[in-house]
Each structure stands twice: as C-alpha cells, then as structure tokens.
Amino acid sequence: MSAYDANAIEMKWQAAWDKAGTFKASRSGDKPKYYVLEMFPYPSGRIHMGHVRNYTMGDVVARHKMATGYNVLHPMGWDAFGMPAENAAMASGIHPQTSTHQQIAAMKDQMKPLGWSLDWSREFATCESEYYGQQQSMFIDFMEKGLVYRKNAVVNWDPVDMTVLANEQVIDGKGWRSGAAVERRELTQWFFKISDYSEELLAAIDHLDNWPAKVKLMQANWIGKSRGIEIPFHLTAPVGDIADITCYSTRPDTMRGASFVAISSDHPVAKTLEAENPDVATFCATCRKMATTEEAMEKAEKLGFDTGLSVAHPTEPGKVLPVWIGNFVLMDYGTGAVFGCPAHDQRDLDFARKYDLPVRNAFYIPGEAVEVGNDALVPAKTEPVEFIDHFAGFGAVTSQQAIDATIDWFEAKGLGTGMVKYRLRDWGLSRQRYWGCPIPVVHCDACGVVPEKKENLPVELPVDVTFDQPGNPLDRHPTWRDVDCPSCGKPARRETDTMDTFVDSSWYFARFTAPNADTPTNMDDAKYWMNVDQYIGGVEHAILHLLYSRFFARAMNICGHLPDSAIEPFDALFTQGMVTHEIYQTRDDKGRPVFHLPEEVTDGKLTATGEAVEIIPSAKMSKSKKNVVDPVHIIQQYGADAARWFVLSDSPPERDVEWTASGAEAAYKHLNRVWMLCDRIAQMPEDTAGDDTGLTRAMHKAVHEVSLNIETFAFNKAIANLYEFTGILGKSNASGAAQKLAVRTLAQLMSPYTPHLAEDIWAHQGGQGLIANATWPVADEGLLVEDTVTLPIQINGKRRSEITVARDMPKEQVEKLALATDAVTRALDGSVPKKIIVVPGRIVNVVL
RNA sequence: GCCCGCGUGGUGGAAUGGUAGACACAAGGGACUUAAAAUCCCUCGGCUGAAAGGCCGUGCCGGUUCGAGUCCGGCCGCGGGCACCA
C-alpha cells in the first residue's frame, strides 16, 4: 500500500461500480424499494457547492439504504429550460439548444468524478422533445379534465425593449437592460386551476408526517384559508347599473369602526368612473404602473383617491361612508373591495391619518386605553374584547369568538354571505419566451382555441430562430406559427407562449420511474417506484415547486398517469440550508447594482480598477449575483472523497453554511490519517494479543451513533462520531483481530461519505466483494450501556460537584452519596435541604 | 410590509428541559528535523487565583421551572420566500 492517491483510487472504484452496474436500478428483486431523489439542477454549466452538498446528502442516504437491504432508485437529470440560456443567446448569439447541451455535458463532467451512486441510465433533460412532448400530451389531458383555462393577467412590460420582463429583471421598477420604467400590461394567459385544490392541498398537509414542520406551515400560510363574509354596501347613487359594492372581510366585528370603503383600480366601479373622469383615469393609471410583486405592492406608499361616491353603512341607518380607490386593494383577492376600519387595522389607520378619515373604535380591551394613537388596536385571537356597539350583547368574548359570532350575526340578518376564501391563486403558466415547452394549442378563427392532436406531438421548438432582438422569437418566426387548424383544417396560428419551467419540474420525479415510456409514465413502473421515499433539496423551494408538484401529482392521477397512492408524491422531505457567500457589489452611473466575482476582488477593492466594493455578507449563491464558488478546484486538489467529507462535516445540513476555503484541507488530512492507520493495521499480525473491551465498545457505539445520525440527517454528527472512533482506534492496544474488524467496520461506516476510500480499505482488509454491496453493520445493544455513570451534583441548579455511581444505583442511595459530598456538606453547613431532586442516570439537584 | 427560519468561544458547530462548548478548524507552545513540509503531543469562552477553586457566560429584556441554549411573552439583528430566477 503506497501513499493516499485520491485521484487514482477514485477513478479505479468508479470504473469498478460502472462495470458491475452497481447503481443501475431495476424493478426486480425481493427487497423493498427505496426512491431517493435530489432536486435536479438547472444546467448552468458549472456545479457549485450547493449541488455538491445536496447530492452528497442524497448519496449518503442512497448508499446507506443500499447497505441496509433496499432496492434503491437514485436518478439524475436536468431542468434544462429557462431564461439564462435565452439571455445568453441574446448576449452572445449562441443558440440555447447548443449552449444547454454543452452545459449539460460540462456539468456532467464535473459531477461524475464525485462518485455519486446515480443511475445515469435514466438521465434526461426537460428540453428534450421526448420529455416535453409527454408534458404537452398531459397538458391536453388537463384541458380535457377542465384543469386548464385562459384569462387575462398582468405582466411586467418594458416599453423600450417591447418585451415582457420577469420579476427578477425588474430592478427598482425599471427594466434591467433598458432602464425604462416598467409598466403593467394585461395579456390573455394560460392557468392551471390549482385553486380548485386549495382545501385538499391544505388538508393533506396534516398527513405529510415526514416533512419539516416549517415547510408545512409555509405551505398552509401560502394557501391561506380564511373564514370571512361578503357584505354588500349600497351605493347612495348607483354607478351605471351597479347598485352595491360588495366587500369581503375577515373582521366583521370591526364594522362599527368602518370609516371608508376602498376599491381596486380594476374594480368595475373604478373602471366605469375612469371612462368619464380623467382624474380617476390618471389615478388608476398610476396604480397600474406599480410593480406586480406582492412585496412591491405591500411596501409601496398607500395611495388613495376619493371618488366622491358614498355607500350606506350596513348596520347604522343614516350613516354613509366615502368610497376611495386604493392602490393597495387587489382585484385578485376577495371582491376587489374592502371596508376600512382604522381603529383596528394598521394599514387602514395609516391611510386614515394620511387622508384625514375618522378613527372610531368598535371595541376595546378591558383594562386598557380606548383611545387609538398611532398604533391600531389589534387584539390577539385569544385576547378578550368588549364591544361598544350593537354587538355589546355578546358580553366578554375573545377576539376570535367575536369574529365568528359577528359572521353568524351578519348572515342571520341577511346582511352578508359567510364565505371561506383562500389566498392561493391559480397558477399562470404562460411565458412569452422561446426556451420552454411549447403550449400545444392552435388558435383558429373559426374554432377558437383547439388542442393539437396527440398524434402530432411533440410540438417541437423550431431551431431556426434569432435572438438579435428582445421578445419571443417564436412570435416573429416566419413559418412556425402558421399551421392548419387541427379541427377544421383551415389556416390557423400556433400558440407562441411556452410553459413556465415550474411545469417541467412538477413531474420529472414521476418520469424517472420510466424515462423512456411513450406515455408520460408507465403505470407498472410508477406503482412500483412511487412515491419518492426521500426528497432532498433547497429550502428556497419550500413553497412553489413543492406545492406545484403536489398539485401536478393529483392532476396526473385524474388523467391516469399516476396511481391513487401517489397523489402525495414525496413521502419524506428534507430541506437543506443554502450555501451562502458574500456578494461584491458596485453601482453603475444610474445607481444600479453591478455584481463582481469573488476572484475579481482584493481587500475590499476591485482588483482591476481599485474601486471600493460594497460587501453584502452571507447571501444565497446565485449566478446573477456572481457569488458562486466553484468546487472543482477542491476536488482536483484533495479528491472527491475529501470534498464529500468536507461539505457534510461541521454544519448541520438543514442550516445555511457560509462558504470558507479552510476545512477542505482538514478533511483531506483526516482521510490521509485514516489511510495510514488502515495500512498500519493491515500489516499487523492477526494473532497480536491485546485488550479488546474498550475498542469493541467504541466500535459498537460508533455503529449505533453513525447509523442513527445518518437516518436522522445529522450528517455532521455522524462525521464527529467517525472522528472520535478513528481516534480511539488509532490509540488502541486491542488484539490484531479486533483492530482488523474495527478497520473494516470503520470503512463501512465511512462508505456513504467517502465511498472510494472505503472500497479501497475494504479490498485491502480482505472484505468480500464491493463495500457498496456489503451489509451494513449492526450494533450489539448490550455493549452500548456503560456500567457506571457520572452524575453532576447541582446546588440550587448550579453544578458544584459530581459522583460516579453504578448505573442502576437506587435513588435513595444516590441521594445519600450526593449529600455526603464535600460541596454539599459545605453548602448545607449543618442545615437541612429544602428539596433533593434525583433524576436517575442524569443529575442530582440539591435545593437549599 | 406579510409568511417562515436562524442567532452558542477567534471560526464551523455539539448539547431527550438535566455537567454549555462534543467533534473539528484556526491560533499558540513543544517534540522530531541541518531546515522546511509532513507527523505527533500539549494549551485554547471571559475574569480571578500559585493551585485547588471561585464568579460570570448561549443576541437583548422579562417569565415559567428544583433546573432554561432548549419552553413562553416582548424586542433587536441576519437569512429565505412573496406567485415570470431556478
């Protein structure tokens, strides 16, 4: 055995696994199946530390499951459609298809040396027509089942580049290329009816037992179920043929405090007024210039316009409320109209102060001030409130009881209609871009919107397109759009919108079960392999991707592409933290941020120009922010095993980890030590005598703890266990036989992390076959418990001493021993303790 | 702004409500060496003490408890998501 040559070892064992087909999954066998999946990457062309961390975690799980008797499926593919390739095409002229395939090849070259136990035979990219053609077929199925529809929706419009912008491309309200103020524009777009599944998607969260609680909470909040009531407010004079403005409220208990009604600029009343009143039109136009993100709308200054109209207060005869148009009222949610109660809602209070509207309480909290200053009085749901108005008869109730009771009250009086609403909106999937899955429909003047015939699928993206101007190349393609109507045969036009890339990633996990099927899935394969037993990916996908996938699985089930058992596709989810890194930023002459690569910066200044750089600490690594660290040099320098060991050591996997260069070397040094230790023990005669008890105990403890820590995703702790066990083994004076067994066990325990090194040690220590196929060791429970235990002795909760006693010593005896210790007798000074708490095997606390 | 999470030595972190700092990294000291690298050994939260020990200490303030890094309430700071980034 020579020096540790990571590169040689890694190539050798990767070749051996390839040759043996170790990771090729097949449906046969009598073992239980286990499907482990990591979120597939966008092929940026370079792997980054986040990928290495994510896929190594999955690999540890996959290898551990293989060793513990499962038939494992562990596939990999490419989320290959998306904006970056199209942007690059505009910048450099390289066709997205060319660049994407180059980048896939480049990335695969960087991934292969890491030795992940992936079944590459199932690889596919979503930009291949074999994949997206099946997606188009499902889209048509979804149309037939009424899961898809069209409606108008707003997009960000760059008036200079004459193109639709993604939210990411809108910076401070301006287009990222042109710098022009972005406008909102309405387009007819395609939607999935995910909102029909709001209740089901919400209710089913309760059964996702192996999902992180925070992800479930985020999803539940996103779906946003609320009980409220729709209350019509009668206009004192009708507007056209509109007699009422119906407001949706979840807080009818605040009705006494209502001091205005606010409507969206897209509300029918606003639209009617707009036609006649130029001031209204101007205000509505201002509202519509606002960015489309919820964040921007929430943060924007609240603006209002008094229409001069008024409505009657529903419960107080003779009282009227003014009607305002508010830029903070969304037409998409509720009815596009709300009543404002400044006393009990902070936003309404700010609005009322700004426009000098009355503030009037509906209730107060007993024992607290009634006057509302600059803070709205918003009681916690469990807090008692006392009404000032006609609800006073309810007596002392909690805020939540008040809400429920007043909803019932309004309903009973016929003043409103109780209603459950969800925040979840339908999923708009239309993208006015080239590099995505074409939506397989045709627009015919005679027949309207007609789905493409399935035998004509896939609707392939044309390759002969140009990227010399912004906008969708499909729109300006000379011939691709022009087709005959699939229904009547007359000349018609293809849909030129493509699908959101979230569609591509909403079912790839199902496709992996039968990647070559000529239908979206193969039922037998889907029944065998689904669900994904363990899904692993970034916490940034906690809402959208996972919610869309849950919806898609249901839709696929309805269309016969997934079995009933697979409507919740991910049995267990683990969300890893992100790999973060500083961002280096300067500003251009217009004040817009310009990002710089870490290697372009020295001592807080741009290396090239000396310009001072603003350093933003610890942000998600992303290509657009240029703070991505390339792991390739670490792999080249220290080997894949060291890189794998390093990314899982130290940081708990669910937590973000700030990238630092140190540590990779430490991992390499440790693997070297293991290598040399194993070499030394290999050369030991088998019959060397020694005391085995300590090593044997340590080995069983390591087996137990490493196994447990892998199963619970505490990879960093398992590595700490391995460090500890290696240290004990290195100093052991146990017999040759025991040390050799310990080394083989160490290799097995390390094998999910450092599989190449483990294989090599295994081979040198006379292990049978590949360690990748070896059976995981099992700890002897009897060797895990120590006979004696050291108990801390606390006095008034502070540790003052300790005693070492037999594990099973009775409480009374422990108490007696504790009271006899110097520290306790000194503290007691002859007096009697108030109380003595003895927690067997844990602690003794003497209370004076 | 709203939803979610996080905050422990110089650093990454460990700790079923029960000895805070496991396991590492960095740093310092020593051994080996002509020297360096590599390797090995020791020290390593703060203050105090010759030592034994003592006091303080898990972002801040308060609470529950025999006992709080852990549970509860209120702050502060940082990160993620906010529906066209993937």
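Basis for what follows: all heavy atoms, side chains included, without hydrogens, waters or symmetry-related copies. Proteins come first, then strands; the chains are lettered A, B, ... in the order of their sequence lines, and each starts at number 1.
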For atom CZ of A/F646 and atom P of B/A24, their distance in whole Å: 16 Å
Chi class for B/G9: syn within 90° of 0, otherwise anti: syn
OP1 or OP2 of B/G12 under 4.0 Å from side-chain N/O of A/S651: no
Parallel, tilted or perpendicular: rings of A/F574 and A/F713 (30°, 60°): parallel
Sugar-phosphate, base or nothing in reach of A/Q346, heavy atoms under 4.0 Å: nothing
Sugar-phosphate only, base, or nothing, as touched by A/E301 at under 4.0 Å among non-hydrogen atoms: nothing
OP1 or OP2 of B/C66 under 4.0 Å from side-chain N/O of A/K835: yes
Integer-rounded Å distance: B/C84 C1' and A/F192 CZ: 15 Å
Out of B/G18, B/A14, B/A22, whichever nucleotide has its closest atom nearest the side chain of A/E724: B/A22
Polar atom pairs between nucleotides 54-57 of chain B and protein, under 3.5 Å, N or O only, would you list them?
unit_1, atom_1, unit_2, atom_2, d
B/C55, OP1, A/R800, NH2, 3.2
B/C55, OP2, A/R800, NH2, 3.4

Ring-ring centroid check A/Y131 A/W507, cutoff 6.0 Å: yes
Phosphate OP1/OP2 of B/A14 contacted by A/N716 side-chain N/O (<4.0 Å): yes
Nearest-Å distance for atom pair OH/C1', residues A/Y723 and B/C25: 9 Å
Listed nucleotide nearest any side-chain atom of A/N167, set B/G67, B/A86, B/A83: B/A83
Sugar-phosphate only, base, or nothing, as touched by A/T790 at under 4.0 Å among non-hydrogen atoms: base
Touch class at under 4.0 angstrom, heavy-atom based, for A/K717 against every strand present: sugar-phosphate
Sugar-phosphate only, base, or nothing, as touched by A/G224 at under 4.0 Å among non-hydrogen atoms: nothing
Partner nucleotide of B/G77 by Watson-Crick or wobble geometry (both distances under 3.5 Å): B/C6
Touch class at under 4.0 angstrom, heavy-atom based, for A/H670 against every strand present: nothing
Closest listed nucleotide, where the reference is the side chain of A/L424 and the choices are B/C40, B/A83, B/G81: B/A83
Nearest non-hydrogen partners of A/D348 and A/G340, listed with the distance: OD2-CA, 3.3 Å
Contact under 4.0 Å: A/R425 side-chain N or O vs B/A83 OP1/OP2: no
Ring centre gap for A/F646 and A/Y638 strictly below 6.0 Å: no
Main-chain N/O of A/A542 paired to A/Q219 side chain as donor or acceptor, under 3.5 Å: yes
Out of B/A86, B/C41, B/C84, whichever nucleotide has its closest atom nearest the side chain of A/E540: B/A86
Touch class at under 4.0 angstrom, heavy-atom based, for A/P41 against every strand present: nothing
Interatomic distance, A/D656 CG vs B/G79 P [rounded to whole Å]: 10 Å
Under-3.5 Å N/O pairs linking protein and nucleotides 2-6 of chain B:
unit_1, atom_1, unit_2, atom_2, d
B/C3, O3', A/N221, ND2, 2.7
B/C3, O2', A/N221, ND2, 2.9

Any A/S649 side-chain nitrogen or oxygen under 4.0 Å from OP1 or OP2 of B/A24: no
Separation of atom CZ in A/F328 from atom P in B/G1, rounded to whole Å: 17 Å
